[in-house]
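Just below is one structure, and these are the notes that go with it.
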There are 2 protein chains.
Amino acid sequence: MVARRPQRNTRQRAVVLEELMKLSCHPTAVELYEIARARMPKLSLGTVYRNLELLAENGVIQKLQLSGAEARFDGNPERHYHVRCTRCERVDDVHDLPEDFVKGHIQSLAGYDIVGFRLDFRGVCPDCQQDGCGTDGGVSPQGQD
Amino acid sequence: MVARRPQRNTRQRAVVLEELMKLSCHPTAVELYEIARARMPKLSLGTVYRNLELLAENGVIQKLQLSGAEARFDGNPERHYHVRCTRCERVDDVHDLPEDFVKGHIQSLAGYDIVGFRLDFRGVCPDCQQDGCGTDGGVSPQGQD
DNA sequence: GTGTATGCAAAGCCTTTGCAGCATG
DNA sequence: CATGCTGCAAAGGCTTTGCATACAC
């Protein structure tokens, strides 16, 4: 996917991105909408969604689709992992991955009491490799989503 | 989470489970509904959702919330990982995890041309550990979701 | 000035839920 | 024969989209 670039630098897009960057947490679109609206009262939710989608496509931010209802957004486009609290649903970052986590011995991480993890791969299945059709165009090799 | 057990063995629940078990793929609730309806035309979508949820709670099946829109269901409750095709969205299982995948050198897996992976941990955050409130009740230590 | 992005509101999609009747144990 | 489960349909929550207007370039 050759990144579709924002065509114009609108104030809305700037505000959405800036507010996301300020946050260490990973807000949902609606949460970010509420925050950004403090600065720009006429901002509409549709615009927030459109911009978040666009920014994620361009790799400026990450769209996280952790298990659970809605998408969350992460202002840091670098590869890293996430921990989510099973109680309060909050999401934190994990930057250093223990080498031995595969063995399932992880007890704690980033202060969290670890309960489990989820690991999903992404790729092109054998059938689609044969088809050779290029619908994916080339997903980021680092793409987590 | 003390598993809430199905109270009654209804024909609907049996059909939903049986049809899911037959599949090697990981259908959405709606897909499974279509399949099951072939055997039980009056089956309703609401019932499918209710039963899938119930079966997942009991650990009989797995509810997968891979990135993307809807939930998918896996008749195999054992811990394993998943690969999703970036083109056709199909989901396959990964049972053997390469020890060195952390290094990011995985090129292929289960015939897939691997493009990336996603790893999310689950646990109780430091704040919630202090609170000591037991809202999580005890999530499965192996729980992927 | 041209065409993209916005605001607004309606619609879409997946999922959940209320309710009255049915069927399981 | 009590009550959990079902079918049906409506509602809910998050997200997307159509359209006329406003704004970036």
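Here is how names work: the chains are called A, B, and so on, in the same order as the sequence lines, proteins then strands, and each is numbered from 1.
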Restricting to side chain to side chain contact (heavy atoms under 4.5 Å, CB included), what partner residues turn up for [X], sequence neighbours left out?
| X | value |
| --- | --- |
| A:Arg11 | A:Val15, A:Met40 |
| A:Glu53 | A:Glu57, A:Lys63 |
| B:Thr10 | B:Arg8, B:Gln12, B:Arg13 |
| A:Ile35 | A:Glu19, A:Leu23 |

- Item | Heavy-atom pair with the smallest gap, counting every atom of B:Asn58 and B:Leu54 |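 Nearest heavy atoms, B:Asn58 then B:Leu54: ND2-O, 2.8 Å.
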
- Mind listing the closest non-hydrogen atom pair of A:Leu45 and A:Ala29 along with its distance?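 So the minimum-distance heavy-atom pair works out to CD1-O, 4.3 Å.
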
- Message: Would you say B:Tyr49 places a side-chain N or O within less than 4.0 Å of OP1 or OP2 belonging to C:dT15?
- Response: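 So the side-chain polar atoms of B:Tyr49 do come within 4.0 Å of the phosphate oxygens OP1 or OP2 of C:dT15, strictly under.
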
- Phosphate contact (D:dC5 OP1 or OP2) by B:Arg50 side-chain N/O below 4.0 Å: no

- Message: Run the salt bridge (charged side-chain N to carboxylate O under 4.0 Å, His left out) test against B:Lys42 and tell me which residues pass, sequence neighbours left out.
- Response: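 Partners of B:Lys42 by the salt bridge (charged side-chain N to carboxylate O under 4.0 Å, His left out) criterion come out as none, since no residue qualifies.
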
- Query: When you measure from every atom of DNA chain D, which of residues 22-47 of chain B have a heavy atom less than 4.0 Å away?
  - Reply: B:Lys42, B:Leu43, B:Ser44, B:Thr47

- Partners meeting side-chain hydrogen bond (donor to acceptor under 3.5 Å, both in side chains) with B:Glu31 (sequence neighbours left out):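 B:Glu31: no side-chain hydrogen bond (donor to acceptor under 3.5 Å, both in side chains) contacts found.
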
What is the separation between atom [atom1] on [X] and atom [atom2] on [N], rounded to the nearest whole Å?
| X | N | atom1 | atom2 | answer |
| --- | --- | --- | --- | --- |
| B:Gln12 | C:dG21 | CD | P | 18 Å |
| B:Phe73 | C:dT15 | CZ | C1' | 10 Å |
| B:Leu17 | D:dC5 | CG | P | 15 Å |
| B:Asn51 | C:dT17 | CG | P | 15 Å |
| B:Leu52 | D:dT6 | CG | P | 11 Å |
| B:Leu54 | D:dC5 | CG | C1' | 10 Å |
| B:Arg72 | C:dC14 | CZ | P | 11 Å |

List every contact pair, protein side and nucleotides 22-25 of chain D side both N or O, where the distance is under 3.5 Å.
{"residue": "D:dA24", "atom": "N3", "partner": "A:Arg8", "partner atom": "NH1", "Å": "3.0"}
{"residue": "D:dC25", "atom": "OP1", "partner": "A:Asn9", "partner atom": "N", "Å": "3.2"}

- Give every residue pair that meets the ring-ring contact (aromatic ring centres under 6.0 Å, His included) criterion with at least one member in residues 15-34 of chain B, sequence neighbours excluded. B:His26-B:His82

